[in-house]
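For clarity, every value in this text was computed on a predicted model and none was experimentally measured.
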Amino acid sequence: MVAFVTLLGTVVFYVVQAQLRGQVDTGMRAFATRIASDVATDIRRNEAVNHDPDLAQLQEGTLYQFAVSLPPFVTVSQNQKHAGAFGLPNQTGLYSALQNGIDLRSVQAPDGPVRVYSVRKTYAGRTFVVQVSRSTVPEHQSLENLLIVLLVGGGAGLVIAAVGGWFLAGKSLKPVREAFERQRAFVGDASHELRTPLAVIRANAEYLQAEIPDSIELADIVSETDRLSALVDALLALARGEAGDRPPADVFDIGTVVEQTVDSLQPLAAERGLGLAVTATRGMHVSGDREQLRQLIVILVDNALRYTPRGGTVEIDVARLNGTVAVAISDTGIGIEHAELEKVFDRFYRADEARNRDSGGTGLGLSIARQLADEHGGRITVESSPGKGSTFTVRLPSAESRQSKPNVRA
């Protein structure tokens, strides 16, 4: 809208400017023709060229100044004593007209800007130049007034358009927002309501397993129930995040939280035959929810353990980086194709090989991780190469900076 109004105003301004200048030039040409005719009459009668016509009658009140130059091309006649105040005689225009026939230019005279029209005429073997000058102060004032109108009108139009657009956009988007809100509420309510029946199903399946321990069907029921419960928890977490639920913020040492979280995951790493190590610099404080950031670390470490073959390693490094606290989770797993890197944070997205159903994941973990990082004013990035592992890095704003020695635990 701004570009359109600016372009329209510019076009209108220059079109009006060209029209006003064209009217001035047309009037000067007509007046110069009249003066040249009078001079030709004087030459024919062998009279002195010294005319002072009634300009008000000739041009309906428009005041023109004129000068007539004859060989040796000095001014021999002009209609007022103070014609010099209007740029006459103009020697540059005189010599240009002698060479080219006509000359039209704008000059700055003592009384303001003027247009000077010079035309070469020949009659009875005598060549002379008629110069006509007209003040363009009225046109400049008109253009200044037009510019003010365009600026004020354009600015007011933009304000009205902005307010109207905001109002109309709000009305148009209100049903969309309401639909998203209903969808979010449905997901949250459904997830919450599914927890109880899933817990009952799992309890009954475990009870039957105690009676029939070799039943493959019961093992599948327990496994799929666990998977469905994880999916319900993930959906509920996403719904709460979209609802803007924010627990009270706390300031704590992120290095301590990471170490405690990694300690709790050591049995899982040992069960899968993987090495799990953490290097955390103490004294790096962040502001946020301790449990949410712990959940963020659990998601990323569990993701690394899930897609790292037996015998591999997962390393977590916590350090300061350009005024932020960076938590890097690196693994020696299967890696991710370059084309899939930006998609791994999408909900329910699974790469062809790295995100298969057999892994037991829900496809929501990394989406929740990114949401948690965003809620804490941070960002999460990933670097990976197929067959060479991946590195997920979470950068969080630092609450304070205190240097200390790194504490290495494995």
Side-chain angles (χ1 to χ4, degrees), residues 184 233-265 276-307 314-331 333 336 340-349 355 361-384 389-404 406-407 409:
R184 183 204 61 77
D233 291 339
L235 288 173
L236 187 58
L238 288 173
R240 288 173 176 172
E242 290 176 349
D245 297 339
R246 298 291 184 272
D250 187 18
V251 176
F252 54 89
D253 188 343
I254 187 64
T256 301
V257 172
V258 171
E259 287 182 344
Q260 293 174 350
T261 303
V262 172
D263 282 345
S264 66
L265 294 174
L276 181 60
V278 58
T279 302
T281 301
R282 295 293 182 87
M284 293 183 297
H285 290 73
V286 297
S287 177
D289 182 74
R290 185 188 302 265
E291 289 304 317
Q292 286 190 351
L293 289 181
R294 181 182 181 281
Q295 182 184 6
L296 170 61
I297 302 304
V298 169
I299 291 173
L300 295 179
V301 175
D302 178 70
N303 183 76
L305 295 174
R306 192 182 302 275
Y307 301 110
V314 176
E315 297 181 354
I316 300 92
D317 181 71
V318 186
R320 291 184 177 86
L321 181 62
N322 298 328
T324 64
V325 176
V327 181
I329 296 90
S330 303
D331 61 63
I336 307 171
E340 312 293 335
L341 290 179
E342 290 299 324
K343 301 178 182 178
V344 295
F345 296 103
D346 296 343
R347 297 179 183 180
F348 299 108
Y349 180 79
R355 303 290 185 268
T362 64
L364 290 174
L366 293 180
S367 297
I368 297 174
R370 182 171 62 178
Q371 179 175 286
L372 293 175
D374 292 341
E375 290 175 0
H376 287 79
R379 58 191 298 261
I380 182 171
T381 58
V382 57
E383 298 178 358
S384 182
S390 306
T391 299
F392 286 83
T393 304
V394 181
R395 296 186 182 182
L396 300 170
S398 176
E400 59 179 321
S401 298
R402 292 195 300 231
Q403 298 292 339
S404 63
N407 181 34
R409 302 177 61 185

- Note on the structure: Between Leu305 and Leu265, the two heavy atoms sitting closest are CD1-O, 4.5 Å
- Query: Phe252 and Val286: side-chain contact (heavy atoms from CB on, under 4.5 Å), yes or no, with the steps?
  - Reply: CA-CA 6 Å; Phe252 54 89; Val286 297; 3.8 Å; yes
- Message: Name the residue from Val251, Asp250, Thr256, Ile254 that meets the side-chain contact (heavy atoms from CB on, under 4.5 Å) definition with His285.
- Response: Val251
- Nearest 0.5 Å, what's the CD1-OG distance between Ile297 and Ser264? 11.0 Å
- Kindly compute the distance separating OG1 (Thr381) from CD (Glu383), expressed to the nearest 0.5 Å. 6.0 Å
- Between CG of Leu372 and CD of Glu291, what distance do you get to the nearest 0.5 Å? 11.5 Å
- Message: Checking Thr261 against Ile316 for the side-chain contact (heavy atoms from CB on, under 4.5 Å) test, could you report, in this order, the C-alpha distance in whole Å, the side-chain angles of both residues, the deciding distance, and whether it holds?
- Response: CA-CA 11 Å; Thr261 303; Ile316 300 92; over 6 Å; no
- Message: Would you compute the distance between atom CZ of Phe392 and atom CG of Asn303 and round it to the nearest 0.5 angstrom?
- Response: 5.0 Å
- From CA spacing to verdict: side-chain contact (heavy atoms from CB on, under 4.5 Å), Tyr307, Asp331: CA-CA 9 Å; Tyr307 301 110; Asp331 61 63; over 6 Å; no
- Message: Run the side-chain contact (heavy atoms from CB on, under 4.5 Å) test on Glu315 and Val278 for me, step by step, so that the C-alpha distance in whole Å, both residues' side-chain angles and the decisive distance to 0.1 Å come before the verdict.
- Response: CA-CA 6 Å; Glu315 297 181 354; Val278 58; over 6 Å; no
- Looking only at heavy atoms, the pair that brings Gly378 and Leu396 closest together is CA-CD2, 4.2 Å
- Message: Please find the pair of heavy atoms, one from Asp289 and one from His376, that lie closest to each other, and give the distance.
- Response: N-NE2, 3.0 Å
- Item | Residue pair Thr391 / Ile329, side-chain heavy-atom distance below 4.5 Å | no
- Report yes if some heavy atom in the side chain of Thr279 is under 4.5 Å from a heavy atom in the side chain of Val318; otherwise report no. no
- Between Val301 and Leu276, is any pair of side-chain heavy atoms under 4.5 Å apart? yes
- Quick one: are Asp374 and Gln371 in side-chain contact, heavy atoms under 4.5 Å? no
- Query: When you measure from the side chain of Arg395 to the backbone N and O of Ala326, does any donor-acceptor pair fall under 3.5 Å?
  - Reply: no
- Item | Asp253 CG to Glu259 CD distance, which is reported to the nearest 0.5 Å | 8.0 Å
- Query: Between CZ of Arg294 and CD of Gln260, what distance do you get to the nearest 0.5 Å?
  - Reply: 8.5 Å
- Could you tell me whether the side chain of Ser390 and the main chain of Ser384 form a donor-acceptor pair under 3.5 Å? no
- Find out whether Ile380 and Leu300 are in side-chain contact, i.e. whether some heavy atom of one side chain is under 4.5 Å from a heavy atom of the other. yes
